[in-house]
Amino acid sequence: MENLFYGYVNNSFEIELSRECVENCCHSGDCEEDCQRWIEIPEIKKQFDKIPKERLINHILEYGCHEKTELQKWNKEKLSVWVLWSICGDIYDSEEFNKED
């Protein structure tokens, strides 16, 4: 059975991710290309398609590293890539992800 982990977008939309996805989207160096590839995988794309653009923006604003006016210019795919990266980082750092079997 594949390990599944759950992250939340804007504290309301649950995203289900595999261990492989989390590991591929959270590593040293630039993760953008990896996140871009994963966001196009149907199981993940379908989850992000259900999230309104405004909720993705709100999620990113919680991190305090971008201005709302800047984020509103981003397309939904770019927002989704950033959010996927942040969720994978949160999961990667979690106790659940790191516990020994």
Shortest non-hydrogen contact between [X] and [Y], atoms and distance:
X: E16; Y: Q47; answer: N-OE1, 2.6 Å
X: V81; Y: C35; answer: CG1-CB, 3.7 Å
X: L17; Y: C88; answer: CD1-SG, 3.8 Å
X: F13; Y: R55; answer: CE1-NH1, 3.6 Å
X: C21; Y: I44; answer: SG-CD1, 3.7 Å

Any donor-acceptor pair under 3.5 Å linking the side-chain atoms of Y6 with those of E14? no
Using the rule that two of Ile, Leu, Val, Met, Phe, Trp, Tyr join whenever any of their side-chain heavy atoms come within less than 4.5 Å, decide whether [X] and [Y] are in one cluster.
X: W38; Y: Y8; answer: no
X: L61; Y: W85; answer: yes
X: L4; Y: F97; answer: no

Please step through side chain to side chain donor-acceptor pair (under 3.5 Å) for the pair Q36 and E32, ending with a clear verdict. CA-CA 6 Å; Q36 182 76 48; E32 187 171 356; over 6 Å; no
Cation-pi check, R19 onto F5 ring (under 6.0 Å, within 45° of axis): no
Taking the inter-plane angle between the rings of H66 and W74 on a 0 to 90° scale, is it parallel (under 30°), tilted (30 to 60°) or perpendicular (over 60°)? perpendicular
[atom1]-[atom2] distance between [X] and [Y], expressed to the nearest 0.5 angstrom:
X: I15; Y: K50; atom1: CD1; atom2: NZ; result: 9.0 Å
X: K76; Y: I57; atom1: NZ; atom2: CD1; result: 10.5 Å
X: I51; Y: L56; atom1: CD1; atom2: CG; result: 5.5 Å
X: I39; Y: D49; atom1: CD1; atom2: CG; result: 9.0 Å
X: K68; Y: N58; atom1: NZ; atom2: CG; result: 5.5 Å
X: I91; Y: S86; atom1: CD1; atom2: OG; result: 9.5 Å

Can you tell me if CD on E67 sees more than 12 non-hydrogen neighbours from other groups inside 6.0 Å? no
S12 side chain to N10 backbone, donor-acceptor under 3.5 Å: yes
Checking K53 side chain against Q72 main chain: does a donor-acceptor pair fall under 3.5 Å? yes
Would R37 and D34 satisfy salt bridge (Lys or Arg N to Asp or Glu O under 4.0 Å), going step by step from the backbone distance to the final call? CA-CA 5 Å; R37 272 195 300 278; D34 294 318; 2.3 Å; yes
